[in-house]
Amino acid sequence: MVKQQTTDESGEAAPRRPAAKYRQLKVPQTVTVGALAELMGVSTIELIKQLMRGGIMANVTQGIDFDTAAALAPIFGFRAVPVEPSAVKAVNVSSDEEDPSLLQPRPPVVAILGHVDHGKTTILDAIRTTRVAEREVGGITQHIGAYQTTHNGKKITFLDTPGHEAFTAMRARGAQVTDIAVLVVAADDGIMPQTVEAIAHIKAANVPIIVAINKMDLPDADPDKVKRQLSEQDMLIEEWGGEVIAVPVSGKTGDGLGDLMENMLIVAEVAELRANPDRTATGVVVEAKLDKTRGPAATVLVKSGTLAVGDHIVAGTTRGKVKALINDLGKRVKQAEPSMPVEVLGLNQLPQAGDAFLVVENERTGRLLVEQRQREEGAPRTGVTLEEMVTQIRMGEVKDLPVVIKADVQGSVEAIRDSLVQLNTEKSQVSIIHSASGAVTEGDVFLASASHAIILGFNTRLEVGARQAAEQARVEIRLYNVIYNLLEDVQSTLEGLIEPTAVEVVEGHATVRAVFSQGNRGKVAGLYVNDGRVVRNGMARLSRNGQVIHEGPIASLRHFKENVREMGAQTECGMALEGFNDFEEEDVIEVYRLERSK
């Protein structure tokens with residue numbers, strides 16, 4: 001269905017007429033332009049246009065107050081009502097702001113990633129001196145686990161994920177869990193397709209990378225080949241003049257594991273990882289499962305504060321009172337400090353992996369928070385479409401266009417990459433998050449969601465589940481069978497990436513000759529237009545005795561009792577300004593408009 005849009009006399013899109021009966025719209029005291037557009041189901045571009053008509057220069061992520069939102073709502077057929085104070089209070093039960101003097105060092109959280117059989121779990125098994133690998137079906141990790149160990153008196157927390165897709169899926173849900181990523185590469189196999197994908201996911205997460213070159217005990221181990229392959233992936237190791245730490249290890253014999261952990265601690269020390277253990281706890285759900293005898297059980301990682309038995313907790317849209325905390329050794333503990341993983345019992349249902357959790361004051365506060373989150377659950381998850389990307393780019397929010405490229409064959413991938421690079425300029429560029437041959441997978445969607453990227457597919461298809469995942473995460477997938485069309489779309493988007501410059505164009509000057517009161521509606525200035533013209537949709541800069549005392553949009557422009565769009569030189573008119581009433585005779589008003597030029 002194609003939406004037809006009417007235009008006004010100037011050729012611009014006209015605002016929608018208010019509906020005969022306004023629909024109620026719950027709006028918080030402060031809301032971003034993008035969020036308000038989603039609440040009303042309208043285009044962000046259309047909403048920004050209405051703001052600009054009112055003299056407000058806003059971008060997608062800028063916040064506006066309730067009064068501004070309430071003034072815009074009727075244009076789109078809504079009547080804005082404020083969100084209940086109790087619900088707002090429930091949201092603000094925890095603050096991310098910390099007093100620096102209260103922060104203390106915390107253990108690093110390390111994720112182990114790599115090709116499916118390059119020895120991720122074997123390395124972790126050797127570090128923990130337990131036999132996890134033998135308990136896994138076929139030696140392949142089947143679940144997400146979080147474990148803690150000690151090296152040289154310092155603790156390190158490990159996340160053992162089943163793959164980079166899970167690592168990124170958690171990040172796509174807003175869970176910034178990992179401090180350091182360890183990429184495991186087998187010295188005999190070298191870099192495999194899954195390794196390349198893992199590298200893309202780690203780079204997108206923007207966390208430090210340590211490469212563990214594993215299986216050094218094998219006779220055909222070739223670490224130099226691995227180092228060369230790493231350099232081809234823009235990962236130059238330290239001994240070759242780069243910044244990537246590479247450590248040769250053997251998960252089977254344990255050789256090099258001490259050096260690996262020592263490097264983890266060094267990277268953590270440089271990162272200055274700190275948290276306040278004395279505040280109410282916050283963190284992330286790593287894993288959740290339903291136990292037949294114990295009920296819902298969630299493995300959580302405490303990020304800040306201390307989680308204790310008896311605390312009221314909210315995780316996503318689930319809540320409960322902590323009945324028990326169980327550490328990674330299966331022992332019950334009374335509390336969990338920052339970076340410590342524990343299993344929590346007492347939630348009313350299963351949360352999702354990646355859900356943030358926090359401790360609330362009491363059961364009532366937890367219930368209010370869950371109820372509000374359930375009301376908001378229908379809103380689309382954070383994602384980005386090409387149209388929204390262009391808008392953000394034009395408003396100066398971003399400087400590059402992140403993309404994930406999938407094509408039928410590697411030759412096509414390379415051709416598209418090379419062509420896209422040629423479109424880059426000093427002011428705008430394509431940021432290729434990941435590129436590979438094959439179908440578009442759920443992993444690609446998770447990566448695009450977490451990186452706010454667009455997926456470009458050429459002569460390829462979508463795997464089962466990828467389309468549904470994309471709809472849920474609001475990830476745009478564009479499929480092409482003509483490479484020229486793909487490049488043309490990217491070129492058009494890049495043109496919006498060049499940050500526009502707002503240039504002032506002076507329209508005219510006027511002098512206040514008289515001041516009239518309009519009762520509750522404020523005051524109107526009677527003007528004489530000295531030169532140029534004054535325009536209704538312009539901005540006004542009011543000066544008194546050579547000093548600027550007010551600057552803002554024009555609220556109304558009249559000639560006698562008629563509303564007019566503009567008045568020319570040597571004419572008289574009445575003008576009201578938004579947010580200003582203190583007119584005096586002989587005030588000078590300069591009228592200007594902002595024109596965007598590249």
Side-chain angles (χ1 to χ4, degrees), residues 1-10 12-92 174 316-317 367-392 395 397 468 470-476 520-521 536-537 553 555-556 563 578-579:
M1 179 176 163
V2 179
K3 294 182 180 178
Q4 291 188 341
Q5 196 172 38
T6 59
T7 58
D8 60 17
E9 295 172 3
S10 65
E12 289 191 338
R16 296 183 186 179
R17 294 186 178 277
K21 185 176 181 181
Y22 294 135
R23 290 170 289 169
Q24 183 172 292
L25 182 74
K26 291 185 177 180
V27 180
Q29 290 302 315
T30 303
V31 63
T32 65
V33 173
L36 182 60
E38 286 182 0
L39 285 172
M40 296 191 293
V42 302
S43 162
T44 52
I45 294 176
E46 195 173 348
L47 188 56
I48 288 170
K49 281 183 179 179
Q50 293 302 325
L51 284 163
M52 291 177 71
R53 286 191 177 102
I56 299 173
M57 307 301 290
N59 57 44
V60 177
T61 58
Q62 187 168 322
I64 57 176
D65 59 22
F66 174 79
D67 291 339
T68 303
L72 288 169
I75 297 172
F76 301 97
F78 293 90
R79 179 175 62 84
V81 295
V83 174
E84 300 89 335
S86 59
V88 175
K89 184 179 178 182
V91 169
N92 296 324
T317 55
R367 187 176 67 253
L368 282 171
L369 181 54
V370 167
E371 287 174 356
Q372 182 182 353
R373 288 180 174 177
Q374 287 173 338
R375 286 196 299 270
E376 297 171 350
E377 204 172 39
R381 290 190 187 170
T382 55
V384 66
T385 65
L386 207 56
E387 180 191 48
E388 291 167 343
M389 178 63 71
V390 171
T391 303
Q392 292 178 26
M395 300 307 293
E397 283 299 300
Q468 184 178 358
E471 289 173 355
Q472 291 176 347
R474 284 188 74 238
V475 169
E476 183 167 8
N520 294 332
R521 290 184 293 172
R536 165 66 183 85
N537 61 351
S556 67
N563 287 315
E578 287 188 14

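Bear in mind the structure is a predicted one, so any value in this text is a computation, not a measurement. Residues: numbered from 1 along the sequence shown.
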Residue pairs involving residues 68-79 (criterion side-chain hydrogen bond (donor to acceptor under 3.5 Å, both in side chains); sequence neighbours excluded): Gln24-Arg79, Asp65-Thr68

Leu47 side, atom CG; Met40 side, atom CE - distance, nearest 0.5 Å: 4.5 Å

Inter-residue atom distance Gln50.CD - Ile75.CD1, 0.5 Å rounding: 4.5 Å

On a heavy-atom basis, which atom in [X] and which in [Y] lie closest, and how many Å separate them?
{"X": "Glu578", "Y": "Ala555", "value": "CG-CB, 3.6 Å"}
{"X": "Phe76", "Y": "Arg23", "value": "O-NH2, 4.0 Å"}
{"X": "Ala69", "Y": "Leu36", "value": "CB-CD2, 3.9 Å"}
{"X": "Leu39", "Y": "Leu25", "value": "O-CD1, 3.7 Å"}

Sequence-distant partners of Ala70, side-chain contact (heavy atoms from CB on, under 4.5 Å), two or more places apart: Phe66, Ala80

